[in-house]
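Report on the following structure.
Convention: sequence-line order gives letters A, B, ...; per-chain numbering from 1. Model, not experiment: these values are computed from the prediction.
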Amino acid sequence: MSDSPRYRFAPSPTGFFHVGGARTALYNWALTLRTGGTFVLRIEDTDESRNSPEWTQGIIDALSWLGIDSSHPQFEGPYFQSQNADLHVKAAHRLFEQGNAYWCDLTGEQIQERAKASGKQGYDGYSRDRGLGPGPGHVLRFRVPEGTTVVNDLVRGRVEFANDTIEDFVLLRGNGTPMFLLANVVDDIEMNITTVVRAEEHLPNTPKQQLIWDALGVTPPVWAHVPVLVNEQRKKLSKRRDKVALEQYKSEGILPDAMVNYLMTLGWAPAGDTEIVPWQHIVDEFKLEDVNHSPAFFDIKKLNAFNGDYIRAMSFDAFINACQPFFSDAPWPTQRFDADVFKKMAPLLQTRVVTLSEVPAMVDFMFLENAVIDEDAWAKTMASDFAADVLRDFAASVETCEWNHDSLKALLEAWTESRELKLGKTQAPIRVAITGRTVGPPLFESIEVLGRDETVRRLHSALSRLG
RNA sequence: GCUCCCAUCGUCUAGUGGCCUAGGACACCACCCUCUCAAGGUGGCGGCACGGGUUCGAAUCCCGUUGGGAGUGCCA
């Protein structure tokens, strides 16, 4: 066995992939690549109610979207915790035989009653010396020794826990199945994990797990507890309150590179004056020792800013390709879509969208039979005293003019000057007539792409609507 | 309640005793550019939680206070 580090990512299948989990996975992956180590994926499906096979594929797909490819030579797994149940139980019995664990027949209610009576919280070690054996409803508890447990954490430093603040926790449930704390440790030992990088919420579990490692006679791994991601209320991101599903960001048109880059800047920053850096740069620089100690706010606004940057940096072809998935539920009839028209419009859109999902709404007027007129936009722009004139005159000259955006613009400029108006004003009614809105891609380019006949038709249509 | 963690602009961060009258990014504001909206450019606003030490010198080290957070399951 080589001594290159073995990292692991151990999500429980919960039906969707959490951005916090994504960051933890990314930290592990960056380290794996940086150190030439191994990334082990283990699905923690110990709790049978959470065991849902189709979710495993969801995890693999999400990781792959992030660039963590399960066919990469440094990727190992997925393993399933449930398949190691025998090992977990075996270890539990060994712990019992060694005197590190004991059986207890107290129910949850009885424990609560005792706690209430004594005024102390939690389990009081009642069955420690009762010499119980296994039996229906009996749980196996770890016998926490006296003393102090010191956790050496790469992010936090040295953290000390007095053992008398750690209660005798459950290893095996009353039905004989293993608990997370045990299963997690046994699997880590089995898989030769050397470095455990996980969220800070696991820090209070760590002394318990380290005690299990010790009792099993194996040197504990290197721990690293990274700060949690929080919402604007500074609470841990939760599935109920917050937008945390990676899939949702994907479907809204966040680019994986942008997500990865942004996630990596939460709790850490690349050297230099820019946070937008290529993945390889991150791999070269990322160190656990540099990770911040405090919770980081997951700021969607900043994510969007990163995304806009990444979109603008895309090549023409890459942008076109990336847009494709977002046409499936676009507002126009699919048969009216014209890929060539879209290609002409694409460069005009690329600097104007922050997420890919905004693309369809920005070109819909090209593919819709008629532009959907926004009533507010109509009211605002058609009220001017020159609206009817500019529509009529522009329609007339457009019928015969040279067909490119420069001459179209020159035409309207001339008209505008003759009336001593501003182009910013006079283009508005035309824009609404053509696109239905007051904002959108550059007007004259859009008209050029739309074509003469359709332009004239829409202009006349607006005119007749004006009455 | 108890255990543990944390504390630099609104937010994410740089900063590891002098290079800091604290740097960058997002957001915000102004101006420039401009056919709308963006993009881009320039400039601006804004922070070391507080109080004690240690030191010639502290955002950086120590203690306390305050304020946040996580955990506290026969969940993971």
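Comparing Arg352(A) and His293(A), the nucleotide of RNA chain B nearest to each residue sits closer to the 5' end for His293(A).
Minimum atom distance to the side chain of Leu203(A) is reached by rC4(B), of the listed rC4(B), rA39(B), rC35(B). Of the candidate nucleotides rC5(B), rG23(B), rA39(B), rG23(B) has the atom lying nearest to any side-chain atom of Asp273(A). When the nucleotides rA76(B), rC4(B), rU36(B) are ranked by their closest atom to the side chain of Arg431(A), rU36(B) comes out on top. Checking rG40(B), rC35(B), rC75(B) against every side-chain atom of Met179(A), the shortest atom distance belongs to rC75(B). For Glu201(A), the listed nucleotide lying nearest its side chain is rG71(B); candidates were rA39(B), rG71(B), rC12(B). Comparing rA25(B), rA38(B), rG69(B) against the side chain of Lys235(A) picks out rG69(B) as the nearest. Side-chain atoms of Pro204(A) lie closest to rG71(B) of the nucleotides rG71(B), rC12(B), rC74(B). For Lys302(A), the side-chain atoms get nearest to rA25(B) when compared with the rest of rU36(B), rU3(B), rA25(B). Comparing rG24(B), rC35(B), rG69(B) by their nearest atom to the side chain of Pro295(A) picks out rG69(B). For Ser12(A), whose side chain is taken as the heavy atoms from C-beta onward, the closest listed nucleotide among rC35(B), rU13(B), rA76(B) is rA76(B).
With a cut-off of 3.5 Å on both pairing distances, rU21(B) has no Watson-Crick or G-U wobble partner at all. Of all nucleotides present, only rU42(B) satisfies the Watson-Crick or G-U wobble test against rA30(B), with each distance under 3.5 Å. Remark: rC48(B) base-pairs with no nucleotide; criterion is Watson-Crick or G-U wobble with both hydrogen-bond distances under 3.5 Å.
The phosphate of rU11(B) has neither OP1 nor OP2 within less than 4.0 Å of any side-chain N or O from Lys301(A). Contact annotation: Arg234(A) side-chain N/O to rA7(B) OP1/OP2 distance is not under 4.0 Å. Distances shown here put a side-chain N or O of Asn292(A) below 4.0 Å from the OP1 or OP2 atom of rA14(B). Taking side-chain N and O atoms only, Arg198(A) has no distance below 4.0 Å to OP1 or OP2 of rA76(B). Regarding contacts with the backbone of rC35(B), a side-chain N or O of Lys409(A) is found under 4.0 angstrom from either OP1 or OP2. Using a 4.0 Å cut-off, some side-chain N or O of Lys236(A) falls inside it from OP1 or OP2 of rG71(B).
Taking atom NZ of residue Lys287(A) and atom P of nucleotide rU16(B), one finds them 14 Å apart after rounding to whole Å. One interatomic measurement links the two molecules: CG of Leu266(A) to P of rU11(B), which rounds to 13 Å at whole-angstrom precision. Rounded to an integer number of Å, the gap from Tyr123(A) OH to rU72(B) P is 19 Å. Atom CD of Gln121(A) and atom P of rG71(B) are 16 Å apart (whole Å). Distance Lys208(A) NZ to rU3(B) P: 15 Å, rounded to the nearest Å.
Test His293(A), Arg156(A), Arg198(A), Glu200(A) against His225(A) for side chain to side chain donor-acceptor pair (under 3.5 Å) and you get one pass: Arg198(A).
Nucleic acid contact class of Thr265(A) (heavy atoms, under 4.0 Å, all strands): sugar-phosphate only. Within the nucleic acid shown, Ala305(A) comes within 4.0 Å of sugar-phosphate atoms alone, with no base atom in reach, counting heavy atoms only. Within the 4.0 angstrom heavy-atom criterion, only backbone atoms of the sugar-phosphate kind lie near Phe161(A); the bases stay farther away.
Taking only distance into account, the side chain of Glu200(A) never meets the base of rG71(B) through a donor-acceptor pair shorter than 3.5 Å. A donor-acceptor contact under 3.5 Å links the side chain of Asn205(A) to the base of rA76(B). Arg437(A) contributes no side-chain N or O that forms a donor-acceptor pair with the base of rC37(B) under 3.5 Å.
Ring to ring, Phe298(A) and Tyr249(A) are close: their centroids are under 6.0 angstrom apart. Taking the six-membered ring for Trp, Tyr123(A) and Phe169(A) have ring centres at least 6.0 Å apart. No close placement of the Trp415(A) and Phe394(A) rings is indicated, their centers lying 6.0 Å or farther apart.
A heavy-atom distance below 4.5 Å is not found between the side chains of Asn28(A) and Thr195(A). By the 4.5 Å heavy-atom criterion applied to side chains, Leu66(A) and Leu246(A) are counted as neighbours.
On the C1' atoms, rG44(B) is 16 Å away from rG24(B), given to the nearest whole Å. rG69(B) and rC63(B) have their C1' atoms separated by 22 Å, with the value rounded to a whole Å.
Near-neighbour residues of RNA chain B inside residues 153-160 of chain A, defined by a heavy atom below 4.0 Å, number-ordered: Arg156(A), Val159(A), Glu160(A).
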